[in-house]
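Structure below; questions to follow.
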Amino acid sequence: MSRRAKIWAGVGIYLGVAVLLYAIFGSEGKNEDFKPQNEFKLDPWISIHIAGVDLSFTKAVLYLIIACILTSAVMIYIARRMQDRPNRVQTIVEGAYDLTYTQIAKGNMPGATAAKYFPFVATLFFFIWFSNMLGYIPLPTNTHETVDVFGFALPAFALYAATANLSVPLVLTLVVWGGYQIEGVREHGIRGHLKGWLPAGVAGPAAVPIFFIEVISQFMRIISLSVRLFANILAGHLLILFMAGGLAVLLGITALGWVTLPIAIAFYLLEVGLIATLQAFIFATLTSIYFGEASAGGH
């Protein structure tokens, strides 16, 4: 039997099992109790309100704390064990260093600016990367579903990423946006920094409407930078959630879970192997570009 025939035979058997499961279990109808959005709902675990501001401890805060600890601990651990003859771990870290310094920072900022802001850009990259990767490790954070263990109702395991909550990418973006505006003013003064928003060669009456377009563009960066990270991570988690059984539970069709599970595995591998790192890379790269523009004094 040829390889193509074996593949088609495997697909046929797989679909046959799906049909058999549907024949056995049928359809229970739409499940009104299952709420997929609850996976991303942030219920306060420890309610804290100060001066009308909600500072409650939620699972998003837990994930941020873990990401901070991982980022700091891994970097400190590796820094203390640098060797003249690198081992595998050090080789990987040196590759990551080369990526963040040579490709991201130095490739998009003048030399002095790259050296100055490299620690900030690298920290952003690794923090976002750890936050993204942590989101693909099942942790007992689903308080809406519990598991009984020796009489204790413990939260069920679930996937969640802090970067799938818009507030986290938005805060990171505001820090970046404010930072490069300050850098531009520091280097060129307020007038020189604002003048740098205009493309080279634009003068006269045409400069007025173009300047206002550039003002809008500057504020649009807040939306594009934050929403890009948030939307990509959220979309990936939703796809995994639905393909891994959420859609089958929602529609009440058990056999559908058998069909969509390989798709869920494929999406999971794609997210872990590419998307998590790519989004951290894009965020850090755009940060370097913005700081480079501010330092150089324009487009």
Side-chain angles (χ1 to χ4, degrees), residues 34-48 54-72 74 123-146 155-177 220-250 260-261 263-287:
F34 179 59
K35 305 293 183 183
Q37 64 270 25
N38 286 342
E39 295 288 333
F40 305 94
K41 187 177 180 181
L42 296 178
D43 292 326
W45 291 354
I46 302 175
S47 185
I48 303 174
D54 188 358
L55 300 175
S56 299
F57 189 92
T58 65
K59 63 181 178 182
V61 177
L62 173 64
Y63 274 77
L64 287 174
I65 292 174
I66 296 175
C68 288
I69 293 174
L70 285 175
T71 304
S72 302
V74 170
T123 300
L124 267 180
F125 174 83
F126 286 113
F127 175 75
I128 293 173
W129 185 80
F130 275 112
S131 296
N132 291 347
M133 295 299 290
L134 188 62
Y136 300 109
I137 301 175
L139 295 177
T141 57
N142 186 358
T143 54
H144 295 92
E145 301 291 337
T146 58
F157 282 83
L159 296 181
Y160 179 80
T163 44
N165 185 310
L166 181 58
S167 59
V168 174
L170 181 58
V171 168
L172 295 176
T173 299
L174 290 174
V175 170
V176 170
W177 192 86
M220 286 299 294
R221 288 180 175 183
I222 298 176
I223 299 175
S224 64
L225 194 59
S226 58
V227 172
R228 180 186 293 107
L229 174 59
F230 155 72
N232 277 280
I233 300 302
L234 177 63
H237 277 71
L238 284 173
L239 285 170
I240 294 171
L241 171 64
F242 278 102
M243 294 298 102
L247 188 61
V249 174
L250 186 64
T260 59
L261 182 59
I263 303 175
I265 295 173
F267 276 127
Y268 183 87
L269 295 176
L270 176 66
E271 293 287 324
V272 172
L274 177 64
I275 302 300
T277 303
L278 179 62
Q279 290 306 313
F281 176 82
I282 291 174
F283 196 101
T285 299
L286 289 175
T287 296

Partners passing side-chain hydrogen bond (donor to acceptor under 3.5 Å, both in side chains) against Tyr160 (at least two apart in sequence or in another chain): none
Any residue meeting side-chain hydrogen bond (donor to acceptor under 3.5 Å, both in side chains) with Ser72, in chain and number order, not counting sequence neighbours: none
Interatomic spacing from CG in Leu250 to CZ in Phe242 - rounded to 0.5 Å: 6.0 Å
Side chain to side chain contact (heavy atoms under 4.5 Å, CB included) involving Ile222 - partner list, sequence neighbours excluded: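 By the side chain to side chain contact (heavy atoms under 4.5 Å, CB included) rule, Ile222 matches Leu170, Thr173, Leu174, Trp177, Phe219.
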Heavy-atom pair with the smallest gap, counting every atom of Ala161 and Ser131: CB-O, 4.2 Å
Partners meeting side-chain hydrogen bond (donor to acceptor under 3.5 Å, both in side chains) with Thr123 (sequence neighbours left out): none
Spatial distance of atom OG1 (Thr141) from atom CG (Asp43) [nearest 0.5 Å]: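 Answer for the OG1-CG pair, Thr141 versus Asp43, is 11.5 Å.
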Listed partners of Pro44 passing side chain to side chain contact (heavy atoms under 4.5 Å, CB included), at least two apart: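 Testing Pro44 for side chain to side chain contact (heavy atoms under 4.5 Å, CB included), a comparison that skips the adjacent residues, returns Ser56.
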Nearest-0.5 Å distance that lies between atom CG in Leu166 and atom CG in Leu234: 9.5 Å
Interatomic distance, Phe157 atom CZ to Leu159 atom CG [nearest 0.5 angstrom]: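 Reported to 0.5 Å precision, the distance equals 11.0 Å.
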From Thr287 atom OG1 to Leu172 atom CG, the distance as rounded to the nearest 0.5 Å: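 Those atoms lie 9.0 Å apart.
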Between side-chain atoms of residues 263-283 and protein atoms elsewhere (two or more places apart, or another chain), which donor-acceptor pairs fall under 3.5 Å?
unit_1 : atom_1 : unit_2 : atom_2 : d
Tyr268 : OH     : Tyr136 : O      : 2.6
Glu271 : OE1    : Tyr136 : OH     : 2.6
Thr277 : OG1    : Trp129 : NE1    : 2.8

Of all pairs that satisfy side-chain hydrogen bond (donor to acceptor under 3.5 Å, both in side chains), the ones with a partner from residues 224-242, not counting sequence neighbours: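 Found none.
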Any residue meeting side chain to side chain contact (heavy atoms under 4.5 Å, CB included) with Ala235, in chain and number order, not counting sequence neighbours: none
Smallest separation among heavy atoms of Pro169 and Asn165, with atom names: CD-O, 2.8 Å
Show every donor-acceptor pair shorter than 3.5 Å between a side-chain atom in residues 58-70 and any protein atom, with sequence neighbours excluded, or say none if there are none.
unit_1 : atom_1 : unit_2 : atom_2 : d
Thr58  : OG1    : Ala60  : N      : 3.4
Lys59  : NZ     : Glu39  : O      : 2.6

